[in-house]
Amino acid sequence: MKNTVPLKNNNEFLKIYKKGRFQAGKNVVLYVMKNRLSLNRLGITVSKKFGKSVKRNRIKRLIKENYRYYEELIKVGYDIVFVARKNDCMPDYFDIKKEIKFLFKKLDLFIE
RNA sequence: UGAGUAAGCCAGAUAGUCGCGGAUACAGUGCCGAAAGGCCGUAUACGAGGAAAGUCCGGGCUCCGUAGGGCAGGGUGCCGGGUAACUCCCGGUGAAGGCGACUUCAAGGAAAGUGCAACAGAGAUAUACCGCCUGUUGGAGGUUGGAAGUGAGAGGUUUGACCCCUUACUUCCAAUCUUCAGCAAGGUAAGGGUGGAAAGGUGAGGUAAGAGCUCACCAGCGGCAUGGCGACUUGCCGGCUAUGUAAACCCCACCUGGAGCAACACCGCAAAGAGGGACGUUAAGGUGGCCCGCCAGUCCCGGGUAGGUGGCUUGAGCUAUAUAGAAAUAUAUAGCCUAGAUAGAUGACUAUCAAAUACAGAACCCGGCUUAUAGACUUACUCAUUAU
RNA sequence: CGGGGUGUGGCUCAGGUGGUAGAGUGCUUGGUUCGGGACCAAGAGGCCGUGGGUUCGAGUCCCGCCACUCCGA
């Protein structure tokens, strides 16, 4: 991931939840805020309520993989946070892919 | 063939494309830096589990100055062995369950002492309500004996009265038996009916009625002998009966200082810990409950950062073989190096295999236990049925 | 990652020393009132988080799980 660094601090997450734009999907919620850098910063959050550690790791990996797929197609200079939502059945790779495409479109992040 | 018991093993594989982590090697007159080095790039091999989980035990390691003794507290609890250690493992003993293979068991002491045992029941750790028996008092009835009276008969003296004998009936007295009622009386604990439990069980003798009162067998207790390292087994003898509960206090034996890698050590940042104040050798303080012992300093106060490095993976390690042992396990030899992250690396897609799906993700490290778990396989054994 | 704590009527909590599980509030019914509230009386509602064990008998004692929650740089 060339243009992306991970987002680490808790207060950065809080800032994005408070001031950023968001769009909710079935399995994930996407928060987006402009930063003044020439890169994107990515954060993924999964709460303990989602499941045990295997499930939490699984959803994180699926989101990361899909972000990697779309990375070159989206605009630069944003903080992006994904929040996994608890659902009855575990989503697979293609569910997440579809949903992330939909969310990016809604928040107008694709390069024209 | 069916049903079952025990032990063990695997935890998708192969190929391709993209992606992640640390390690090693290489390269670029690349970027940052005074340098050490870091970042970017390429290649190579490696990269979660049988439970990584729960954190229930044990140990290593680190710090608390030392980690000593005693008390308290906590833990363990049939016997022998294994181990660094254990609440673990192996083998055995006993008890319980199963037709059996086999499984399960916190399995020391209740005769050191204390506590508790609701309700029910006559009575709850010994008692005596009912009952049974004896004694005694009274009533009723039967039998026997005696006395009196009446009637009848016979006899004697006879006019008769009267006397004697026999028999029947009535009354009274005594003895005895049966039965009923009572007793501030005694004996008894077989029977009643409650309860989880009523001071051994069954049968016979015995007795006024009964009772281990006596005897036989059984259970339990003690002693001796036998076999065994031992738990214990088997046999003989003795006394004659001992409620349950110790996952109630307790007694006995053994073990046990506390805290945890967010321990801890070093570096850096910061106006600043190389600071200030208080107490002190008769004392106070520390030793994470107390005392003794020991120590020589101890205690209190105020700000910020929450960064980096080490600890961090070569270890009670893994594999193979041999030897010792019944086994757990130990020893020897040879070979191997097999995650080490720090917001936290293993993922995605395609194809093939009949199918790829369970529980589930290392965080200082080991040995166990417990719990979760789709499917597939191997070995040994038991029972039932059929055929030979 | 490590160390603790708590689960009892719908809700907030007692009971923890083995012997029929209780309080307040809420709910239902009746009374009182013209009606409501307040008040009075009666009642329902619990296998004490869950699975075993010890015991004659566990909410209580012991062991294993589950859920929630607090603390530690």
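The chains referred to below are lettered A, B, ... by the order of the sequence lines, with proteins before strands, and numbering in each begins at 1. Please read these numbers as outputs of a predicted model, since none were measured by experiment.
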Applying the 3.5 Å cut-off to both distances, the Watson-Crick or G-U partner of B:rU226 turns out to be none
Nearest-angstrom distance from the residue atom OH of A:Y70 to P of B:rC349
14 Å
Between B:rU245 and C:rU55, how many Å separate the two P atoms, rounded to a whole number?
7 Å
With syn defined as a glycosidic angle within 90° of 0 and anti as everything else, classify B:rA48.
syn
Anti or syn - C:rU33, cut at 90° from 0:
anti
Opposite nucleotide pairing with B:rA380, Watson-Crick or G-U, both atom distances under 3.5 Å:
B:rU5
If pairing means Watson-Crick or G-U wobble with both distances under 3.5 Å, then the partner of B:rA351 is B:rU14
Could you summarise the pairing of RNA chain C as dot-bracket text, marking Watson-Crick and G-U pairs under 3.5 Å with ( ) or [ ] inside the strand and | across strands?
(((((((..((((.....[..)))).(((((.......))))).....(((((..]....)))))))))))).
Would you say that A:L30 contacts A:F22 through its side chain, given a criterion of any heavy-atom pair below 4.5 Å between the two side chains?
no
Once you round it to whole Å, what is the distance between C1' of B:rG19 and CD1 of A:I44?
14 Å
Syn or anti for B:rG50, given that syn means the glycosidic angle lies within 90° of 0?
syn
B:rG212: syn or anti, per glycosidic angle within 90° of 0:
syn
Drop me the distance from A:Q23's CD to A:E99's CD, to the nearest 0.5 angstrom.
10.0 Å
Any N/O pairs under 3.5 Å between the protein and nucleotides 342-347 of chain B? List them or say none.
unit_1, atom_1, unit_2, atom_2, d
B:rU346, OP2, A:R61, NE, 3.3
B:rU346, OP2, A:R61, NH2, 3.2
B:rG347, O3', A:R58, NH1, 3.1
B:rG347, N2, A:E65, OE2, 3.2

Give me the distance, rounded to whole Å, that separates B:rC89 from B:rA7 when you measure between the P atoms they each carry.
12 Å
A:K52 NZ to C:rC66 P, in whole Å, measures 7 Å
Between A:P91 and A:I59 the two heavy atoms that sit nearest each other are CG-CD1, 3.8 Å
Strand partner of B:rU243, provided both Watson-Crick or wobble distances fall under 3.5 Å:
B:rA117
A:R56 has an atom CZ; how far is it from atom P of B:rG361, in whole Å?
8 Å
Atom C1', compared across C:rG18 and B:rA284: separation rounded to whole Å:
50 Å
Nearest-angstrom distance, P atom, B:rU93 to B:rG80:
15 Å
Sub-3.5 Å donor-acceptor pair from the side chain of A:D79 to the main-chain atoms of A:M33, do we have one?
no
Looking at every heavy atom in both A:K101 and A:Y70, which two are closest together, and how far apart are they?
CB-OH, 3.3 Å
Shortest non-hydrogen contact from A:R56 toward A:V46
CG-CG1, 3.9 Å
Integer angstrom distance from the P of B:rG258 to that of B:rU66
16 Å
B:rU338 glycosidic torsion: syn (within 90° of 0) vs anti
syn
B:rC249 and C:rU50, which share atom name P, separated by this distance in whole Å
27 Å
A:N66 vs A:Y93 side-chain heavy atoms within contact, under 4.5 Å:
yes
Using purine N1 to pyrimidine N3 plus N6-O4 or O6-N4 for Watson-Crick, or N1-O2 and O6-N3 for G-U wobble, each under 3.5 Å, what pairs with B:rC264?
B:rG310
Whole-Å C1' distance, B:rU5 and B:rG54
30 Å
For A:K97 and B:rU350, what is the distance between atoms NZ and C1' respectively, to the nearest whole Å?
12 Å
Which atom names give the shortest non-hydrogen contact between A:K75 and A:D108, and what distance separates them?
NZ-O, 3.2 Å
Strand partner of B:rG65, provided both Watson-Crick or wobble distances fall under 3.5 Å:
none
Please state the P separation for the pair B:rU114 and B:rC79 - nearest whole angstrom.
29 Å
Can you name the one residue among A:F82, A:Y78, A:Y17 that meets ring-ring contact (aromatic ring centres under 6.0 Å, His included) with A:Y31?
A:Y17
Could you identify the nucleotide paired to B:rA211, looking across every strand shown and requiring Watson-Crick or G-U wobble geometry with both distances under 3.5 Å?
none
Do you know which of A:I16, A:L103, A:L42 makes side-chain contact (heavy atoms from CB on, under 4.5 Å) with A:I80?
A:L42
Residues A:E65 and A:R68 bridged, charged N to O under 4.0 Å:
yes
Across all strands, who's sitting opposite B:rU166 as a Watson-Crick or G-U wobble pair, both distances under 3.5 Å?
B:rA152
